[in-house]
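One structure below.
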Amino acid sequence: MKHLLKLGDLSTEQIIEILDLADTLKAEKKAGIEHHHLKGKTLGMIFTKASTRTRVSFEVGMYQLGGNALFLSGNDLQIGRGEPIEDTARVLSRFLDGIMIRTFKQDDVEKLAEYGSIPIINGLTDYCHPCQVLADLQTIREFKGKLAGLKLAFIGDGNNMANSLIVGCIKVGMSVSIACPNGYEPDADIVKWGQAQGKLTITNNPLEAAEGADVVYTDVWASMGQEGEAQIRRKAFEGFQVNDALMAKANDGAMVLHCLPAHREEEITAKVLEAHANEIFEEAENRMHAQKAVLVKLMK
Ligand code: CP
Ligand code: NVA
């Protein structure tokens, strides 16, 4: 494994290895055991979109691994003034030991990997959010004791989260059902792949998707960069909400996950969010443990 650009690039074994290492690093952290696997190493973190969890979890994670993290805002880098990714990649590769990038186009992340000579980690693009789904899988396994055979229902926009959940969950033996309005389906190639595995269903009916689910997942209706469509989307996604009626369709003891930030009373009610806060905030914490595992795998 040279980079983490998207989950489609990883084998099932590689995903499970990351989750196992994430569990070990989490247990060591809780026990107060230091693990300076990346002593003297520096991670550059390029952000052209906002972030709370990704930024803080990567920065603190690098510190805990004995290394350093540099926050590089897209506005302050020359990228913001048009310097090509190809040149940025070759320059930064001479200073840094790895780069985490959060941006719009998946192609920019792939280009960074192509032209650079250090590991590249995708910290979210419009296409996918692999780091989030590794933390999600770690959380599901922690609460449910297994992954294979479970069903995840995703309610809402067929966005970056939906794309990565389909790939990540199916690779570890789960099935996925997506409920989204017409015109808001996940990436067509990912849908084709999931359906070919016989592990993916897509419906317009949220209650149907939630039927028999072990994990119910949702995300915002308007992602970063879609602020201008928020009004239209609020209408299109009416009814695509995780609420008590929907949870009644899920299996007893079903978990609720949300990558956060959440918009209460839009994609999820405050009541359901608070009832599952222990799961959702463990999921947020696991961002750090899962990413530390990725950093060790790629940079040690
Ligand atoms: N879930 C997630 O990626 O959060 P941030 O946007 O705060 O990084
Ligand atoms: N779909 C959301 C996820 C945020 C973590 C977005 O891209 O804004």
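Order of listing sets the numbers, starting from 1, for every ligand and every atom in it.
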Checklist entry - Are the ring centres of Phe240 and Tyr184 closer than 6.0 Å? => result no
Checklist entry - Which protein non-hydrogen atom lies closest to atom 7 (O) of ligand 2, naming both residue and atom, and how far is it? => result Asn160 ND2, 2.8 Å
Item to check | Closest candidate by heavy atom, reference atom 7 (O) of ligand 1, pool Leu260, Thr54, Thr52, Asp136 | outcome: Thr52
Item to check | Pair Glu110 + Lys6: basic N to acidic O under 4.0 Å | outcome: yes
Checklist entry - Polar-atom distance check: Arg55 versus ligand 1, any N or O pair below 3.5 Å? => result no
Checklist outcome for this item: At under 4.0 Å between heavy atoms, what of Asp126 touches ligand 2? The answer is neither
Next on the checklist: Using a 3.5 Å cut-off on N or O atoms only, is His129 in polar contact with ligand 2?
Outcome noted: no
Checklist entry - Is ligand 2 under 4.0 Å from a heavy atom in the side chain of Leu124, in the backbone, in both, or in neither? => result side chain
Checklist entry - Which atoms of ligand 1 are found less than 4.0 Å from any heavy atom of His129? => result 2 (C), 3 (O)
Checklist entry - Purely on distance, is any nitrogen or oxygen of Arg102 under 3.5 Å from one on ligand 2? => result no
Item to check | Thr218 side chain to Glu267 side chain, donor-acceptor N/O pair below 3.5 angstrom | outcome: no
Item to check | Shortest protein heavy-atom distance from atom 4 (O) of ligand 1, along with the residue and atom involved | outcome: Arg53 NE, 2.8 Å
Checklist entry - So, are Lys49 and Asp126 salt-bridged, with charged N and O less than 4.0 Å apart? => result yes
Next on the checklist: Treating Glu185 as the side-chain partner and Gly183 as the backbone partner, does any N or O pair qualify as donor plus acceptor under 3.5 Å?
Outcome noted: yes
Checklist entry - Quick one: does Gln138's side chain get under 4.5 Å of Phe143's, heavy atoms only? => result no
Item to check | Pair Asn163-Asp187, side-chain donor/acceptor within less than 3.5 Å | outcome: no
Checklist entry - Has Lys49 got any heavy atom lying under 4.0 angstrom from an atom of ligand 1? => result no
Item to check | Under 3.5 Å: N/O of Met224 near N/O of ligand 1 | outcome: no
Checklist entry - Are Glu265 and Lys271 close enough for a salt bridge, meaning some N to O gap below 4.0 Å? => result no
Item to check | Protein residue, atom and distance nearest to atom 5 (C) of ligand 2, heavy-atom basis | outcome: Leu260 O, 3.6 Å
Next on the checklist: Does any N or O of ligand 2 fall below 3.5 Å from an N or O anywhere on Cys259, backbone included?
Outcome noted: no
Checklist entry - Rounded to the nearest 0.5 Å, how far apart are OH of Tyr127 and OG of Ser164? => result 8.0 Å
Checklist entry - Between Cys259 and ligand 1, does any nitrogen or oxygen pair lie at a separation below 3.5 Å? => result yes
Checklist entry - Which heavy atom of the protein is the closest neighbour of atom 2 (C) of ligand 1, given with residue, atom name and distance? => result Arg287 NH1, 3.2 Å
Next on the checklist: Is it the case that ligand 2 has an N or O less than 3.5 angstrom from some N or O of Asp219?
Outcome noted: yes
Next on the checklist: Between the side chains of Glu238 and Arg233, is the shortest nitrogen-to-carboxylate-oxygen separation below 4.0 Å, so that they form an ion pair?
Outcome noted: no
Checklist entry - Less than 4.5 Å apart, any side-chain heavy atom of His129 and any of Arg102? => result yes
Item to check | Protein contact to atom 6 (O) of ligand 1 [nearest heavy atom, distance to 0.1 Å] | outcome: Arg102 NH1, 2.8 Å
Next on the checklist: Among all the protein's non-hydrogen atoms, which is closest to atom 8 (O) of ligand 2, and how far away is it?
Outcome noted: Met224 N, 2.8 Å
